[in-house]
Amino acid sequence: MLKYLIIGIVLSITGVLLSFGFGELSKAYLVTGAIGVLFIARSILMSGSILGPHGMRAGLKAPDSPDERQKRKRTSIGSVLIGLPNSMTALLLYLFLTK
């Protein structure tokens, strides 16, 4: 699980550096925030909290095997751990850069 957190931190730093490289450091919170929202949304979809378009169309939810459930849980937690540092960085950048 630590590797997902490190990946999130690296993506956050990369997003800030890319914004700095393009000369738009004042909008760096948008880049890191978008990455954070993307991974948190992926986590919500993978956890099964909301149904995807195929599940809504079928109207039925097939039970998962224990292995499949464990894989979805691991992917969901990993996505949150990647998105969390990006969201925190976006919040801090927003607070410090927009005055």
Side-chain angles (χ1 to χ4, degrees):
M1 294 295 159
L2 184 62
K3 72 177 181 176
Y4 295 117
L5 195 59
I6 291 172
I7 291 171
I9 292 169
V10 167
L11 282 175
S12 179
I13 292 170
T14 304
V16 172
L17 291 177
L18 282 174
S19 296
F20 185 69
F22 289 124
E24 290 290 328
L25 188 60
S26 62
K27 303 293 182 187
Y29 61 89
L30 292 175
V31 174
T32 57
I35 294 170
V37 167
L38 177 77
F39 279 102
I40 291 174
R42 180 175 183 242
S43 171
I44 291 170
L45 286 174
M46 290 302 293
S47 71
S49 296
I50 56 175
L51 293 176
H54 300 293
M56 293 174 83
R57 185 174 46 185
L60 300 172
K61 181 157 173 58
D64 293 332
S65 67
D67 293 335
E68 185 69 27
R69 194 175 313 123
Q70 184 67 22
K71 182 181 174 185
R72 282 187 351 169
K73 181 179 176 184
R74 197 174 1 168
T75 304
S76 178
I77 292 172
S79 295
V80 166
L81 290 175
I82 291 173
L84 194 61
N86 288 290
S87 298
M88 296 289 285
T89 303
L91 180 65
L92 291 173
L93 286 170
Y94 180 76
L95 290 175
F96 288 119
L97 293 178
T98 57
K99 291 184 179 182

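Just the heavy atoms: all of them, side chains too, but no hydrogens, waters or symmetry mates, feed the values below.
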Between side-chain atoms of residues 12-21 and protein atoms elsewhere (two or more places apart, or another chain), which donor-acceptor pairs fall under 3.5 Å?
{"unit_1": "Ser12", "atom_1": "OG", "unit_2": "Thr89", "atom_2": "OG1", "d": "2.7"}
{"unit_1": "Thr14", "atom_1": "OG1", "unit_2": "Val10", "atom_2": "O", "d": "2.7"}
{"unit_1": "Ser19", "atom_1": "OG", "unit_2": "Gly15", "atom_2": "O", "d": "3.1"}

>> In this structure, would Met88 and Phe96 fall into the same cluster of hydrophobic residues linked by side-chain contacts under 4.5 Å?
In response: no
>> According to a hydrophobic-cluster definition based on side-chain heavy atoms being under 4.5 Å apart (Ile, Leu, Val, Met, Phe, Trp, Tyr only), do Leu30 and Ile35 belong together?
In response: no
> Nearest 0.5 Å, what's the NZ-CG distance between Lys27 and Leu93?
Replying inline: 12.5 Å
>> As an exercise, state the distance from CD of Glu68 to CD of Gln70, rounded to the nearest 0.5 Å.
In response: 11.0 Å
>> Measuring from atom CE of Met46 to atom NZ of Lys71, what distance do you get when rounded to the nearest 0.5 angstrom?
In response: 7.0 Å
>> Quick check for you: to the nearest 0.5 Å, what is the distance between Leu95 atom CG and Tyr29 atom OH?
In response: 11.0 Å
>> If I compare all heavy atoms of Ser43 with all of Val80, which pair ends up nearest, and what's the gap?
In response: OG-CG2, 3.0 Å
>> Measuring only between side-chain heavy atoms, which start at C-beta, is Lys3 closer than 4.5 Å to Leu81?
In response: no
>> Show the nearest heavy-atom pair for residues Ile40 and Ser87, with the distance to one decimal.
In response: CD1-OG, 3.6 Å
> For the residue pair Leu25 and Leu97, what are the closest heavy atoms and their distance?
Replying inline: O-CD1, 3.1 Å
> Between CG of Leu2 and CD1 of Ile9, what distance do you get to the nearest 0.5 Å?
Replying inline: 8.0 Å
